[in-house]
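In this text the structure is predicted, and so the values were computed from the model without any measurement. In what follows, chains carry the letters A, B, and so on, assigned in the order in which the sequence lines appear, proteins first and then strands, with residues in each chain numbered from 1.
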2 protein chains.
Amino acid sequence: MATPIPSESSSPRDRLLETAAGLFYAEGIKGVGVDRILSEAGTTRATMYRHFPGKEALVAAYLEREDAIIRGYFAAAAEAGGSPTELVAAVIEGIAEDATRYHRRGCPFINAAAEYPDADGEIRQIIERHRTWFRSTLAAVLDAASVADAERVAASLVLLRDAALVGVYLDGDTVSADFRRTARSVVGLG
Amino acid sequence: MATPIPSESSSPRDRLLETAAGLFYAEGIKGVGVDRILSEAGTTRATMYRHFPGKEALVAAYLEREDAIIRGYFAAAAEAGGSPTELVAAVIEGIAEDATRYHRRGCPFINAAAEYPDADGEIRQIIERHRTWFRSTLAAVLDAASVADAERVAASLVLLRDAALVGVYLDGDTVSADFRRTARSVVGLG
DNA sequence: GTGTAGAAAGAACGTTCGTTCTACTATGGC
DNA sequence: GCCATAGTAGAACGAACGTTCTTTCTACAC
């Protein structure tokens, strides 16, 4: 099974979250029971319920964690320096690479949304916040690079990223080339 | 709740499938139990297990039904006459309209794939077949309309349709305009 | 009429679900 | 030494899961 083993030494809470995140992403949320998480994290029920009010809180923490990771990517890319145009290219490249490397089972947020129909629930609100942040951040980056109609282009890029993640999952890696080409054309990069 | 009531008169099997399809799409598959389906379809366990070996067969039938409906759309559009180019335009328009009208909760196949990680399982095979058919049918339509590089353009269109369905679900109807514009540009329609 | 099949009704199966609980142990601060 | 905290261990809860079963009733074919 080669489960991504949360290093024995880390805290139970970290192991719990890391294990849950891995399982939720790999197998879907409703398809994974707390017993699975507990046994693979090597901890017990009491410990889990000490740190999280319930399973849904674990789901929320999983998505918040995913959100934080992606924000980290952006922060790192921004700090890495380079012209605004280079940053735009780096973002597109980063999305393509992420899809084929770390997100071969699709987008965690889209997948979660498939299982959580209630648009007012906590889970969907986290998804909503993430997507809003992503779109506006993209718009800011594009605007800095003097891309015309940054808002609209950003919306298109979000669409394309969704498609790339779904496509790599269901159709294979060839999709990432399609994404790169289309995205670069949309933002006006040769 | 205003459940889409499967007309009392239809056969138990039809009511079962219709109800299950509605519930699976609206609330996710693992999130719906057979008891729910049974009570909303107004039938009993014994009847269900006479017609379907189990829940998974019901899921499979739901996706096959969805597949058949979409193939029906294509057949109808093709029979409606018109030039190949008009057919291409009609397909794009049909997708945009479908997303905002009948598939406001996203793509049934993408949503199902989120819950079924096993690529070799029956469910994922149905999804695979559907996507392959869709892409190749699109390529044929584009080729007939003398669109250059029909295969590649078809792949792009599949991507865009995925994005449109996800986008309308999570971001709202404005996405459908983005889809129309981008899709028409990709296939070379003014 | 008799026989057969499909549907309704509902009890019951064992399993798993998420959750709560008690009891015991190890750790660290005062 | 003492208390609080956080961990382990495991029993137990009621509810829901998917599935199997028996029984009764209706309808249509022969």
Side-chain angles (χ1 to χ4, degrees), chain A residues 1 3 5-63 112 114-118 121-123, chain B residues 1 3 5-63 112 114-118 121-123:
Chain A
M1 255 284 303
T3 307
I5 312 143
S7 56
E8 276 284 338
S9 58
S10 60
S11 81
R13 192 187 187 279
D14 288 349
R15 269 179 295 148
L16 230 20
L17 181 50
E18 221 171 306
T19 306
L23 288 173
F24 287 154
Y25 182 62
E27 309 188 14
I29 296 168
K30 299 254 166 72
V32 173
V34 298
D35 287 6
R36 266 293 286 303
I37 299 170
L38 259 23
S39 78
E40 295 208 12
T43 186
T44 62
R45 252 168 276 280
T47 302
M48 170 189 155
Y49 281 96
R50 193 189 315 282
H51 291 289
F52 302 93
K55 187 192 178 185
E56 178 143 335
L58 210 41
V59 176
Y62 149 58
L63 292 176
E115 299 197 63
Y116 286 84
D118 177 12
E122 186 189 5
I123 303 303
Chain B
M1 250 287 302
T3 306
I5 311 142
S7 55
E8 276 285 340
S9 58
S10 60
S11 81
R13 191 186 187 282
D14 288 349
R15 269 179 296 147
L16 230 20
L17 181 49
E18 220 170 309
T19 306
L23 287 173
F24 287 155
Y25 182 62
E27 309 189 15
I29 296 168
K30 299 254 164 74
V32 173
V34 298
D35 286 7
R36 265 294 287 302
I37 299 169
L38 259 25
S39 78
E40 296 208 13
T43 184
T44 63
R45 255 169 276 280
T47 302
M48 170 189 155
Y49 281 96
R50 190 188 322 281
H51 292 290
F52 302 93
K55 187 192 178 185
E56 179 143 334
L58 210 41
V59 177
Y62 150 57
L63 292 177
E115 300 197 65
Y116 287 84
D118 178 13
E122 186 190 4
I123 303 303

Protein-nucleotide distance (Met48(A), atom CE; dT8(D), atom P), rounded to Å: 14 Å
Nearest-0.5 Å distance that lies between atom OH in Tyr62(A) and atom CD1 in Ile37(A): 11.0 Å
Helix axis bend for the helix from dG1(C)-dC30(D) to dC30(C)-dG1(D) - C1'-based end axes, five pairs, 10° rounding: 0°
Heavy-atom pair of closest approach, residues Arg45(A) and Leu38(A): CG-CD2, 3.5 Å
Rounded distance in Å - CZ (Arg50(A)) to C1' (dA4(D)): 12 Å
Inter-residue atom distance Glu115(A).CD - Lys30(B).NZ, 0.5 Å rounding: 7.5 Å
Of the listed nucleotides dT22(D), dA11(D), dA9(D), the one nearest the side chain of Thr44(A): dA9(D)
From CG (Leu23(B)) to CD1 (Ile29(B)), nearest 0.5 Å: 11.5 Å
Shortest non-hydrogen separation from Glu27(B) to Val32(B) and the atoms involved: CB-CG2, 3.9 Å
Nearest-Å distance for atom pair CG/P, residues Leu38(B) and dT20(D): 14 Å
Near-strand residues of residues 51-60 of chain A, defined as heavy-atom separation under 4.0 angstrom from DNA chain C: Gly54(A), Lys55(A)
Between CG on residue Leu58(A) and CZ on residue Phe24(A), distance to nearest 0.5 Å: 5.0 Å
First encountered from the 5' end of DNA chain C, between Arg13(B) and Arg45(A): Arg13(B)
Distance-minimising heavy-atom pair for Phe52(B) and Ala61(B): CE2-CB, 3.9 Å
DNA chain C: 5'-most and 3'-most nucleotides touching chain B, 4.0 angstrom heavy-atom criterion: dG6(C) to dA11(C)
Separation of Asp118(A) CG from Tyr116(A) OH (nearest 0.5 Å): 11.0 Å
Over all atoms of both residues, closest heavy-atom pair of Ile123(B) and Ala60(B): CD1-N, 3.9 Å
Atom pair distance, as rounded to whole Å: CZ in Arg15(A) and C1' in dA6(D): 12 Å
Minimal non-hydrogen separation, Tyr49(B) against Gly54(B), with atom names: CE2-CA, 3.9 Å
Closest non-hydrogen atom pair, Ala114(B) against Ala114(A): CB-CB, 4.2 Å
